[in-house]
Amino acid sequence: SGLIVSPDGQTFVSVSDQADWVRGRLLYVDGKLTGVEDIQISPLLDPQGASLVNKQGDAEAVEQLNPAGPFPGPVIVAFERQHRLWQYDLSGDGFAARPINIPFNADLGTIKGNQGIEALHVTPEREIVAITEGTVDRNGHTRGWIIRLNPDRLAVDATDPLRLQTWETFRPTDLTRLPDGRYLLLQRHFTPRTGPIIQVRDLGKDLTAGAEVLEGTLLAQMDMAFNIDNMEGLAAREDEDGRLLIYVVSDDNFNPLQRTLLLMFEVAPVPAPVPVPVPVEDGSAPPKD
């Protein structure tokens, strides 16, 4: 349900909505992702050190607390149903780490059980961007928050509302930040007739809290004509050749008709704008080539 990838692209850490950690090593051939190995699966723990069971640990997103720090280091996990943000310090005790609750001032009581925080990212300025899956305000905009952490300790200095344009029946499933500063949002749509459809949207570099509604630009849309499934986790990095790469992982819902897929895409550079001819001073058209 959530995914982070190391800056060198060698290791990934993921969470499942059935209370598990998953860690492994990524394999490549000629710069293309070909598989994973050395898989480790362990249960998420509660503050008392007991294993979370099934939907007690409905983890939907995971992000590094310090994106520029050692991988994976301390991470933040967002949970649905019992809506909360927990920090696990994987740099110390690994998957045996016990969580610390991160309280933040938001009206979580209005969020339905399976429509909680699904898209999560932590900025270099220690701001947690949290976007819900299907909870909307009175104007139909998807709800979220920018949670500003204290620079020196794990405490919340302020929580500001965030509003996101709702695109038909697409729901946010994860959020990541490209090395160039742009934020990408992963969304999914599903009906029995269409199967899964996913979108990746560019939200730009400025996620503003308050009155402004985030709209973004559609980068890609894929349906069952592509090799996709119920894509829920999103991560990004830049490789040694300067390519912007995004990784997308699917949640198979433990359904034999679905698959767990890990895909890698390159974000192509934006084409340079085509020059527009400038009229000459006498008002006539410029000469043709």
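Numbering of residues begins at 1 and proceeds along the displayed sequence. This structure is a prediction, so every number in the text was calculated from the model and none was measured.
For the residue pair Thr123/Glu125, the side-chain donor-acceptor check at 3.5 Å is satisfied.
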May I have the step-by-step check of side-chain hydrogen bond (donor to acceptor under 3.5 Å, both in side chains) for Glu133 and Gln115, ending in yes or no? CA-CA 5 Å; Glu133 177 183 6; Gln115 296 181 5; over 6 Å; no
Derivation of the side-chain hydrogen bond (donor to acceptor under 3.5 Å, both in side chains) call for Thr217 and Asp202: CA-CA 5 Å; Thr217 302; Asp202 184 344; over 6 Å; no
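Judged purely by atom type and a 3.5 angstrom limit, Thr132 has no side-chain atom pairing as donor or acceptor with the backbone of Ile117. Formation of a donor-acceptor pair under 3.5 Å by the Asp252 side chain with backbone atoms of Phe254 is found in this model. A side-chain donor-acceptor contact under 3.5 Å links Thr166 to the backbone of Gly140. Side chain of Glu63 to main chain of Ile76: no donor-acceptor pair is present (N/O by atom type, distance under 3.5 Å, no hydrogens or angles). Remark: the backbone N or O of Asp241 is not paired with any side-chain donor or acceptor of Arg243 at under 3.5 angstrom. Listed for the Ser250 side chain is a donor-acceptor partner under 3.5 Å among the backbone atoms of Arg259.
With contacts defined as side-chain heavy-atom distances shorter than 4.5 Å, the pair Phe12/Val22 qualifies. The closest side-chain heavy-atom distance from Arg188 to Pro196 is not below 4.5 Å. Between Tyr247 and Thr176, the closest side-chain pair of non-hydrogen atoms is not below 4.5 Å. Taking 4.5 Å as the limit, some side-chain heavy atom of Asn230 sits within range of a side-chain heavy atom of Asn253. Arg163 has its side chain within reach of Asn139: a pair of non-hydrogen atoms, C-beta onward, lies under 4.5 Å apart. You'll find the side chain of Leu214 stays beyond 4.5 Å of the side chain of Ile131, heavy atoms only. In this structure the side chain of Asp8 never reaches within 4.5 angstrom of the side chain of Phe71, judged on heavy atoms. Under the 4.5 Å side-chain criterion, counting only non-hydrogen atoms from C-beta, Arg98 is not in contact with Trp86.
Salt bridge status for Arg81 with Glu60: absent, with no side-chain N to carboxylate O gap under 4.0 Å. Remark: Asp180 engages Arg182 in a salt bridge, criterion side-chain N to carboxylate O under 4.0 Å. Look at Asp157 and Arg148 and you find no salt bridge, because none of the NZ, NE, NH1 or NH2 atoms lies under 4.0 Å from a carboxylate O.
Asp251 and Gln258 make their closest contact through O-NE2, 3.9 Å (heavy atoms, listed as atom of the first residue, atom of the second, distance).
The aromatic rings of Trp21 and Tyr88 sit perpendicular, their planes meeting at an angle over 60°, well past the 30° parallel limit. Classification of the Tyr183-His121 ring pair by plane angle, with boundaries at 30° and 60°, yields perpendicular.
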What side-chain donor-acceptor pairs closer than 3.5 Å can you find for residues 42-50, not counting sequence neighbours?
residue : atom : partner : partner atom : Å
Asp46   : OD1  : Gln48   : N            : 2.9
Asp46   : OD1  : Gly49   : N            : 3.0
Asp46   : OD1  : Ala50   : N            : 2.9

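In summary, of the residues considered (Leu164, Thr173, Val200, Asp174), a side-chain contact (heavy atoms from CB on, under 4.5 Å) with Leu185 occurs for Leu164 alone.
Every residue meeting the salt bridge (charged side-chain N to carboxylate O under 4.0 Å, His left out) condition with Asp17, not counting sequence neighbours, appears here in chain and number order: Lys55.
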